[in-house]
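Everything below concerns the one structure shown next.
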Amino acid sequence: MDTPILPSTLLLTLLMSVGLFFFIRASTKDRTETAQLVSQLNEASLMPQLKDYFRARSYRVAAVDPQKNQVTMTGFVKPSWFLAIFLTILAAVGFTCLSLILSLLFSSQSFLLYGIVILSPISGIFYWSKAGREEKVLLTVEDSNSEQKAKITVIAHRDEIISLEEALQLKRA
């Protein structure tokens with residue numbers, strides 16, 4: 001190979017490694033959002049459905065604020081085995097590419113450079129230790145004056161809000 005090709009390939013591989021690092025780090029990022037949802041049901045009819053939904057999702061009531069008409073629930077979110085394995089495989093592929101380029105540049109110790117791949121399970125362990133955490137859901141239900149509709153304000157993880165919308169056929173306000 002030409003000499004300018006290897007350093008440029010090394011530079012591109014290092015840039016992709018930086019992207020992979022930030023992708024692995026972002027897999028544990030908190031994605032809490034606030035959503036205003038509207039139900040066709042009134043507050044009295046909606047509350048039992050909300051209670052059953054969150055109980056089925058293993059949330060428990062942590063606090064009730066009657067002045068704000070707000071309920072705070074907590075639940076433990078388990079990390080995904082699939083994502084931990086996927087991130088480990090991505091890291092292994094990235095380390096393999098990096099060690100291949102380094103072994104071409106430094107051919108005298110090429111067999112030692114493939115030992116970098118052994119570090120790939122660190123990404124899965126990092127994800128597993130950071131992704132499993134207590135999640136909070138803040139829920140406020142108000143009766144709307146128009147047509148017996150209830151207005152719900154939810155502060156939760158974005159996936160939890162999407163799941164709530166689908167399960168109870170709620171619409172964004």
Side-chain angles (χ1 to χ4, degrees), residues 1-37 53-63 70-140 152-168 170-173:
M1 279 194 177
D2 285 334
T3 34
I5 293 174
L6 286 177
S8 63
T9 306
L10 176 63
L11 177 67
L12 291 174
T13 304
L14 290 174
L15 289 175
M16 287 191 298
S17 298
V18 169
L20 177 62
F21 170 77
F22 284 109
F23 180 76
I24 291 169
R25 199 176 84 180
S27 68
T28 62
K29 184 180 175 188
D30 184 28
R31 289 176 173 77
T32 301
E33 292 182 0
T34 302
Q36 301 281 331
L37 305 173
Y53 170 79
F54 283 110
R55 186 179 298 141
R57 305 268 300 172
S58 298
Y59 282 91
R60 63 186 182 286
V61 175
Q70 186 177 51
V71 178
T72 303
M73 291 173 272
T74 59
F76 184 75
V77 177
K78 292 188 258 182
S80 165
W81 276 105
F82 172 77
L83 194 53
I85 293 168
F86 180 68
L87 291 173
T88 301
I89 291 170
L90 280 180
V93 169
F95 283 139
T96 302
C97 292
L98 182 62
S99 61
L100 176 65
I101 298 300
L102 290 175
S103 69
L104 290 173
L105 279 173
F106 308 109
S107 58
S108 61
Q109 291 118 358
S110 63
F111 65 94
L112 293 176
L113 293 172
Y114 287 104
I116 298 173
V117 180
I118 295 172
L119 300 175
S120 61
I122 292 174
S123 63
I125 293 168
F126 171 78
Y127 165 76
W128 195 263
S129 66
K130 299 282 186 180
R133 63 182 175 268
E134 285 283 323
E135 289 283 339
K136 273 188 179 179
V137 175
L138 296 164
L139 186 69
T140 307
I152 306 162
T153 304
V154 182
I155 301 172
H157 190 277
R158 70 177 178 192
D159 294 338
E160 193 64 50
I161 294 172
I162 292 168
S163 177
L164 177 65
E165 280 180 273
E166 291 172 359
L168 300 180
L170 302 172
K171 294 184 173 86
R172 297 257 176 170

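Heavy-atom basis, side chains included; hydrogens, waters and symmetry copies ignored. Keep in mind the model is a prediction, meaning the values are calculated, not measured.
- One finds the CG atom of L138 at 10.5 Å from the OG1 atom of T153 (value rounded to the nearest 0.5 Å).
- With 3.5 Å as the limit, one finds a donor-acceptor pair spanning the side chains of Y53 and S163.
- Heavy-atom contacts from other residues, nucleotides or ligands closer than 6.0 Å to CZ of F86 number 12 or fewer.
- Considering every non-hydrogen atom in both I161 and A35, the closest pair reads CG2-CB, 3.7 Å.
- Partners of K136 according to the side-chain contact (heavy atoms from CB on, under 4.5 Å) rule, which considers only residues two or more places apart in sequence or in another chain, are T72, T74.
- For Y59, the ring pair (Phe, Tyr, Trp, His ring centres under 6.0 Å) partners two or more places apart in sequence, or in a different chain, are F54.
- In this structure, the side-chain contact (heavy atoms from CB on, under 4.5 Å) partners of S103, at least two apart in sequence or on a different chain, are L100, S110, L113, Y114.
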Would you list the atom pairs, donor with acceptor, under 3.5 Å between side chains in residues 10-27 and any protein atom, with sequence neighbours excluded?
{"residue": "T13", "atom": "OG1", "partner": "T9", "partner atom": "O", "Å": "2.8"}
{"residue": "S17", "atom": "OG", "partner": "T13", "partner atom": "O", "Å": "2.8"}
{"residue": "S27", "atom": "OG", "partner": "I24", "partner atom": "O", "Å": "2.6"}

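- Partners of S8 according to the side-chain contact (heavy atoms from CB on, under 4.5 Å) rule, which considers only residues two or more places apart in sequence or in another chain, do not exist here.
- The minimum heavy-atom distance linking S123 with L87 is given by the pair OG-O, 3.2 Å.
- Note that the OG atom of S99 and the CG atom of L104 stand 9.5 Å from one another [nearest 0.5 Å].
- Distance check: R158 CZ to D30 CG gives 10.5 Å after rounding to the nearest 0.5 Å.
- Here L98 contributes atom CG and L119 contributes atom CG; the two are 10.5 Å apart, rounded to the nearest 0.5 Å.
- Partners of E33 under the salt bridge (Lys or Arg N to Asp or Glu O under 4.0 Å) rule, at least two apart in sequence or in another chain, do not exist in this structure.
- We find the CG-CD distance between L170 and E165 to be 7.0 Å, quoted to the nearest 0.5 Å.
- Contact check for V77 versus E160: no side-chain heavy atoms found under the 4.5 Å cut-off.
- A distance of 10.5 Å separates CG of L90 from OG of S120, quoted to the nearest 0.5 Å.
- A heavy-atom distance below 4.5 Å is not found between the side chains of L37 and L168.
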